[in-house]
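These notes are about the structure you will find just below.
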Amino acid sequence: MQQANLQQMDTADADRPESEARLITRTRAGDMAAFEALYRRHCGRIYAVCLRLSGNPALAEECVQDTFVTAWQKLAGFRGDSAFSTWLHRIAVNTVLGRHRSRMRQANWFVDAESEQIEAVPAVETDEATLRDLEEAIAELPDGARQVFVLFDVEGHTHDEIAELTGLAVGTCKAQLHRARKLLRGRMQA
Amino acid sequence: MSTRNENPQDRNWQAAMRKLPRERDPGRDLWPGIAARIARDQSPGNRTALLQRGLRYALAASLVLGLGLVIGLQLQQQGAGPQSGPVTAQTDLASDPAVKRSARRGHLIRAVAADNTRLQPATREQMQKELAEINSAIGVLHQALARDPDNAALRDLLYQAYRDESRVLAAIQRLETRYPTHTTL
């Protein structure tokens, strides 16, 4: 009986996930196993962000790898002012946008619509098939429109935050959001 | 300041967007690629010339250790018995990183620099040369870290340099304790 209890306790200890703070501390000391544990915890979330922002699975994989390599290099500078997931998310967003900036042409981003109002859109059904179609439609958006759309409507950033992340003017962000919603609406109604 | 849209229809739209899965499976394990890149980025070959120097010093220290072992084996075959050397130190310098800054470390380094050891002259000269190179690397790495204090690769190299120094000092101590001055190369 006692042995069974001990075994149960051992199993419970083994199953208990190590705290993120401890994993971060171990990683800072150069422990790759701890960093791998952090990767396993966050890779799904980071991949989702990279995939939606880039619209390209192969590019998203590269960005995930870049994100974690950058995180490894900069972890000493992580002060814990925000959650690790938030810090990692920001690295991921900057990674995707940085890659985009390096190859973008200004013409692709420029939308002469500072005065455009963001158009209200009809309610969206949220059944599984519709969400799948929506994912595909998001992936097909033009780069600039997709990135602003994902950051605003999916990730919940404000226009000010998006402007800071992308280097665009707030008005341009709004215009890109309008453009993305318009394109998505057309696609979903087709 | 414009932030989020408060239009009810937009809120409905945004609520729908947030029903998209927060996580996606990459479809393959990306960790091996990440681990390989971290290892590669940390290797001196892909860093600065400074880091290349760090690797060379580590290699040099390893060679010194190898040389020490060969000398030791040869002398052991010649039947040399263990004796007490003029310089004593902790038994295993490499096992305790804190010893790198200890008085014992300074004492050993000064002893080697002042030729106050029982090492054979050629061996002592080689050890002095290797210690000087490692010490130079430590200085360069400290300077680099002063400019880039968050650089984990530099910190790792600095730690390795101290470890190398400790190993060389331990090898010196071991050699002179076991095989005093009368030994030959």
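What you are looking at is a predicted structure, and each value in this text was computed from that prediction instead of being measured. Per chain, numbering begins at 1; letters A, B, ... match sequence-line order.
Between B:R37 and A:W72 there is no side-chain heavy-atom pair separated by less than 4.5 Å. Residues B:P21 and A:E135 meet the side-chain proximity criterion, which asks for heavy atoms closer than 4.5 Å. A:R52 places a side-chain heavy atom less than 4.5 Å from the side chain of B:L20.
For A:F35, the parts sitting under 4.5 Å from any heavy atom of chain B are the backbone and the side chain alike.
Per-residue counts of heavy-atom pairs under 4.5 Å with chain B were compared for A:L75, A:I162, A:D66; the largest is that of A:D66. Between chain B and the residues A:R132, A:R40, A:H42, the largest count of heavy-atom pairs under 4.5 Å involves A:R40.
Exactly one of A:V150, A:V148, A:L183 qualifies for a side-chain contact (heavy atoms from CB on, under 4.5 Å) with A:L141. That residue is A:L183.
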